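Everything numeric here is computed off the predicted structure, so don't read it as measured data. First the proteins, then the strands, lettered A, B, ... as listed; each starts at 1.
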Amino acid sequence: MLDFSQILYVFEPLNLLLMTVGVFGGLIVGAMPGLTSTMAVALLVPITFGMTVEMGLVLLMAVYIGAISGGLVSAALLNIPGTPSSVATTFDAFPMAKRGEAGKALAYGVFASFLGSLLSFFALALLAPILGAFALRFGPFEYFALVVFTLSCIISISGKSQVKGLLSACVGLLMAMVGLSNTDGVTRFTFGFSALQSGFAEMPVLIGMYAISQVLMDIADIKKPFKIISASFTVREFCQTAARFRHSVKNVIRSSLIGIGIGILPGVGPGLSNIVAYSTAKSSDKDPDSFGQGNPDGIIASETANNAATGGAMIPLLTLGIPGDVTTMMMLGAFMIHGVQPGPLLMRDHGNLVLIILSAYFISNILMLLLQVYFIRVLIKSLLIPRFILYPVILGLCVIGCYALNSSMTDVWIFLGTGLLGYVFTRLGFPLLPLVLGLLLGRMAETQLRVSIVMGNGSLAGYLDRPIALAFLAAAALSVGFSLYSKRKARLRREGLAAALASENAQG
Amino acid sequence: MRVKTGDFVMALVLLAVTAALYHQSTTINTAMIYALGPVFFPRIIMAVTGLLSVVLIVQSVSFKPAAAGKRAKQAFDREGFIYRWGLTALLVAYLLALPLLGYAAATIPFLFAGMALLGPRKYKDLAIYATVSLGITFGLQFIFATLLKLFLP
Amino acid sequence: MRSLVLMICVCLLLGAAVPAPAAEYPVKPIQVVVPWKPGGGSDISARIIGDHLKDILPQPFVIANIDGAAGLNGALQVFKARPDGYTLLWEHPGNLAVAPMVTKAEFTWKNFDPVCIAAKGDTALIVRKDSPYKTATEALRAIMDAPGKVRWVLAPNAVSHFTFLSISDAVGGLKPMIIPGSGDKDRIVALLGNNGDISTVGYAAAEPYVKSGDLRILAMVNSERSPFAPDIPTLKEQGVGASYDFLYSVFAPKGTPAEVKKLLADSLKKAIDDPATQKALREQAIEPYFRGLEDMAKLWEAEDTLYHRLAKVNGLIQ
């Protein structure tokens with residue numbers, strides 16, 4: 001029987017302290033460009049070897065929450081997403097920060113993160129077994145359809161030129177093909193470099209693309225300080241921002257559901273959720289053009305979804321022993337190191353441990369909120385650091401971060417190479433996000449497509465029997481159709497306006 | 001006739017890369033053919049990439065007469081140019097030096113040189129840069145090597 | 001405070017720069033490269049044994065997880081490392097023998113110096129709970145009777161593929177529908193979600209699902225009955241002449257001094273013979289299994305010959 005007094009375990013002073021340290025450390029790691037939540041957890045797993053199971057998991061939980069939430073900071077203040085899960089956050093948080101409202105941008109993000117985690121906590125605590133069983137129904141057909149759906153979101157967020165957006169996605173997909181192939185174990189497209197055997201890792205590419213290109217783009221006006229309107233961000237201001245959320249209830253709920261849903265699926269985690277939530281929020285808004293220019297709903301959608309996905313990713317881990325994303329895969333490692341085999345029996349054999357994890361998840365979120373509210377002020381001050389000091393330090397951090405991921409210089413060179421590519425892309429108006437998405441999804445897309453064709457006996461006919469897959473494909477077609485339609489309408493409206501102006505001028 | 005040079009060149013580069021990848025795909029060992037083989041999916045993507053590159057080439061050439069004088073050529077930003085490529089060169093030098101000199105001996109000069117390149121160069125500033133470089137380098141070393149038991153280059 | 005850290009760092013740097021006389025080996029931590037993510041069988045066995053070594057050796061084993069490219073990344077790192085005994089590789093034959101062979105890497109397992117085998121892991125042939133097959137022979141017969149129907153989940157060109165090939169070889173050729181799944185977890189998920197029918201996975205990974213009744217083990221793929229599942233017959237007992245043992249082995253870069261290797265092997269033996277280590281390993285369903293470097297070379301050679309033959313027969317290599 002479950003022993004609910006175990007919940008008190010996390011309230012022991014030592015554990016509360018441990019969690020505060022964990023959340024704080026996670027926030028710092030997540031906030032530093034180049035260091036990520038996956039890395040934080042990966043580096044900590046071996047350290048927990050010396051602790052008791054309970055303590056180790058409580059600490060990891062706290063660090064995980066802290067680091068995912070900390071990713072917001074570099075995304076909003078520097079336009080450098082620390083992890084794939086905060087890519088969509090940059091779209092609106094950075095323009096807002098650039099206007100001088102850095103505090104407000106962070107406050108939106110922090111509170112959205114909190115709400116996302118909270119909602120996914122309830123999903124985790126109440127519905128875990130049902131949702132876990134649902135995730136198992138996803139086979140190759142469903143995964144491939146999901147990839148198609150996510151890629152279809154590119155069209156709606158890829159700015160002016162769809163051709164450039166699609167080309168960028170293709171480059172990402174081709175990069176994913178380099179190295180040892182998942183499906184066949186055959187070496188491909190390495191051009192004879194054995195260092196490319198393992199292909200392009202996501203993190204160096206992501207960090208390089210955003211950090212280097214951002215630094216190189218901004219370097220021209222390096223002597224201008226950042227604009228800061230409200231340097232002393234007060235708790236009162238935070239509460240005002242939080243109150244603004246009553247206008248976005250629908251957005252919060254929709255984005256959380258997207259986050260939880262995508263988080264549950266093994267293999268795809270917060271990295272996709274924020275993009276899908278963002279593009280959904282954008283296309284269901286009355287004024288889609290305001291997205292990308294500092295619309296709070298953009299920040300809310302992205303940050304709610306990526307934090308909701310953390311709870312989602314814990315669901316298959318706790319109910320089935322299957323990790324939902326890379327970071328939870330590391331957590332799985334931590335369980336195993338301690339001799340706890342996560343699996344369908346975890347709830348029965350180690351129910352108390354599950355309770356402790358759940359309460360640690362909950363408490364960590366509250367700690368995260370409290371720390372962040374006071375943290376924001378310090379963070380805004382960090383914008384006062386002159387950029388000629390900040391930029392070399394960022395680059396140095398990224399280099400060390402990339403190296404530490406796998407103790408390999410190859411990753412560091414990939415970081416540099418993709419960084420320069422990212423700079424060229426940005427100068428030419430190619431969006432970077434499709435490339436990152438293509439890289440994230442390429443291997444999965446290939447494997448699942450091929451397996452689904454094999455299972456359909458050599459044709460695509462197998463998709464017809466799979467309602468979930470068909471639903472995703474239909475949604476993809478609808479979303480492409482809708483965004484093309486609304487773009488065309490916008491252009492016609494602009495041209496109509498220009499024509500009207502021209503005729504007025506002619507008359508006048 | 002006007003050509004958007006950047007887009008045009010980029011499309012050509014992408015075409016060339018696609019061609020090179022296609023050439024590589026013919027050399028892949030397909031002895032163990034699992035369902036459609038290891039070049040099936042990449043070739044689809046290559047075809048799409050090639051097609052889109054051609055579209056981009058077509059788009060980058062516009063036959064409308066150039067709207068003369070509308071966009072005055074931007075003044076060449078010499079300072080920005082030096083900063084940008086100076087920092088890139090430093091980064092490359094840093095990466096080359098990292099495996100040879102080790103972590104500390106490569107990182108401190110890189111941080112210092114980067115700051116000195118981008119910022120003002122008075123004695124007082126230089127002293128600040130030196131302190132920050134040392135502090136950051138050893139701070140990171142402490143975190144990675146001592147706390148996390150990670151081997152730095 | 002900063003000056004203190006600085007001083008410590010300077011000392012560390014100086015310490016690293018002075019070449020160490022071999023007699024005092026080890027004078028600094030020994031990096032053990034596990035070419036997989038933390039939490040797998042290789043990683044756990046290395047960590048447990050490494051942890052129990054700390055009273056035996058003056059310097060600790062530090063586990064470095066360098067994963068990617070089917071374990072080749074980590075192997076490459078050790079291949080290039082200085083042969084001074086401060087960098088070791090922790091790997092099993094399925095990978096270090098298979099991966100370089102099928103990818104034509106610049107090295108094979110013969111380019112490393114064997115030190116010893118430390119532990120052994122078990123493999124199980126599994127099906128879903130509602131599968132119609134009760135024994136391994138039944139399942140294999142069904143695959144033979146209906147080629148291309150039964151879905152076998154395996155990681156192409158990796159251990160589970162070669163386990164399948166050797167089973168197939170032993171019964172005269174099997175033609176299932178092959179579903180790719182790399183890693184024990186992926187293969188288990190494929191079975192649970194009815195996207196596959198039969199597979200081989202590490203026993204430790206399958207155990208919780210077997211206990212909960214979601215999966216059934218048809219046979220163990222080990223050469224002998226596993227002490228963790230003494231009631232389940234091996235494939236050989238059911239008349240199928242195929243087996244695979246995960247032999248977690250320690251390698252050093254080629255050219256490591258013999259006395260260093262001997263010291264390492266002796267210390268590892270001491271750690272593995274310690275009842276506390278054995279208990280910790282068995283809790284993770286890993287068998288303590290020490291073998292010296294001659295035995296290790298012999299066992300690896302046998303595996304290597306088998307894989308080469310299987311690869312050739314099935315057209316994976318020329």
Side-chain angles (χ1 to χ4, degrees), chain A residues 43-44 46-47 161 163-164 166-167 170-171 173-174 177 181 183-191 212 215-216 219-223 386-389 391-393 395-397 399-400 403-404 407 409 412-413 416 419-420 423-425 427-430 438 442 445-446 449-451 453-454 458, chain B residues 6-7 10 14 17-18 20-21 24-25 28-30 32 34-42 45-46 48-49 52-53 55-56 59 77 79-80 83-84 87-88 90-92 94-95 98-99 103 107 110-111 113-115 117-120 128-129 132 136-137 140 144 148-153:
Chain A
L43 294 179
L44 265 182
I47 291 187
S161 165
V163 175
K164 287 181 181 173
L166 289 172
L167 261 179
C170 284
V171 174
L173 286 167
L174 284 176
M177 298 296 115
S181 93
T183 327
D184 322 77
V186 174
T187 310
R188 299 187 292 186
F189 310 117
T190 56
F191 291 91
I212 294 187
V215 166
L216 291 183
I219 219 163
D221 31 50
I222 194 156
K223 302 243 159 80
R387 280 189 274 183
F388 49 81
I389 292 186
Y391 284 167
V393 173
L395 291 180
L397 259 176
V399 168
I400 297 306
Y403 180 84
S407 314
M409 277 309 283
V412 183
W413 286 107
L416 178 69
L420 295 177
Y423 173 68
V424 174
F425 264 35
R427 282 299 287 263
L428 294 178
F430 282 80
E446 179 186 16
L449 176 64
R450 282 169 63 184
V451 177
I453 291 178
V454 170
Chain B
D7 286 0
M10 192 68 200
L14 285 175
V17 170
T18 317
L21 286 173
Q24 279 264 309
S25 80
I28 290 171
N29 167 25
T30 47
M32 196 211 72
Y34 173 74
L36 311 165
V39 292
F40 163 71
F41 188 74
I45 307 289
M46 281 176 217
V48 177
T49 315
L52 287 170
S53 307
V55 173
L56 189 62
Q59 279 188 350
D77 178 10
E79 199 179 35
Y83 285 165
R84 188 169 294 136
L87 191 64
T88 312
L90 271 178
L91 191 59
V92 173
Y94 173 47
L95 294 195
L98 203 51
Y103 167 70
T107 308
F110 166 70
L111 290 180
M115 292 172 196
L117 172 75
L118 301 178
I128 295 177
Y129 302 158
V132 174
I136 297 265
T137 307
L140 281 178
F144 277 98
L148 299 173
K149 299 263 165 57
L150 228 104
F151 287 80
L152 288 171

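Distance check, rounded to the nearest 0.5 Å: CG of Leu174(A) to OG1 of Thr49(B) gives 4.5 Å. With rounding to the nearest 0.5 Å, the separation of CG in Asp7(B) from NZ in Lys164(A) is 3.5 Å. To the nearest 0.5 Å, atoms CE (Met177(A)) and CE (Met46(B)) are separated by 9.5 Å. Annotation: the span from Thr88(B) atom OG1 to Tyr423(A) atom OH amounts to 8.5 Å, rounded to 0.5 Å.
Proximity to chain A involves both the backbone and the side chain of Ala20(B), based on heavy atoms less than 4.5 angstrom apart. Both the backbone and the side chain of Val92(B) come within contact range of chain A, judged by heavy atoms closer than 4.5 Å. For Ile453(A), the part lying under 4.5 angstrom from a heavy atom of chain B is the side chain only. Both the backbone and the side chain of Leu428(A) come within less than 4.5 Å of a heavy atom of chain B. For Thr137(B), no part lies under 4.5 angstrom from a heavy atom of chain A.
Between Pro392(A) and Phe110(B) the shortest heavy-atom distance is O-CE2, 3.8 Å. Considering every non-hydrogen atom in both Leu449(A) and Phe41(B), the closest pair reads CD2-CD1, 3.9 Å. Across every non-hydrogen atom of Leu95(B) and Met409(A), the tightest pair is O-CE, 3.4 Å. What you find for Cys170(A) and Val48(B) is that their closest heavy atoms are SG-CG1, 3.7 Å. The heavy-atom pair separating Leu216(A) from Arg84(B) by the smallest distance is O-NE, 2.8 Å.
Using a 4.5 Å cut-off on side-chain heavy atoms (C-beta onward), Met10(B) and Phe425(A) make contact. Two residues are said to be in side-chain contact when any heavy atoms from C-beta on lie closer than 4.5 Å; Met115(B) and Val393(A) meet this criterion.
Under the side-chain contact (heavy atoms from CB on, under 4.5 Å) criterion, Leu117(B) pairs with Leu87(B), Leu90(B), not counting sequence neighbours.
The residue among Leu14(B), Leu52(B), Leu56(B) with the most heavy atom pairs within less than 4.5 Å of chain A is Leu52(B). Looking only at heavy-atom pairs under 4.5 Å with chain A, the residue among Leu111(B), Ile128(B), Val132(B), Val17(B) that has the most is Leu111(B).
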Do Tyr129(B) and Phe388(A) pass the side-chain contact (heavy atoms from CB on, under 4.5 Å) test, and can you show the C-alpha distance, the side-chain angles, and the key distance before you say yes or no? CA-CA 10 Å; Tyr129(B) 302 158; Phe388(A) 49 81; 3.2 Å; yes
Between Leu91(B) and Val399(A), does a side-chain contact (heavy atoms from CB on, under 4.5 Å) hold up when you go through it step by step? CA-CA 9 Å; Leu91(B) 191 59; Val399(A) 168; 4.1 Å; yes
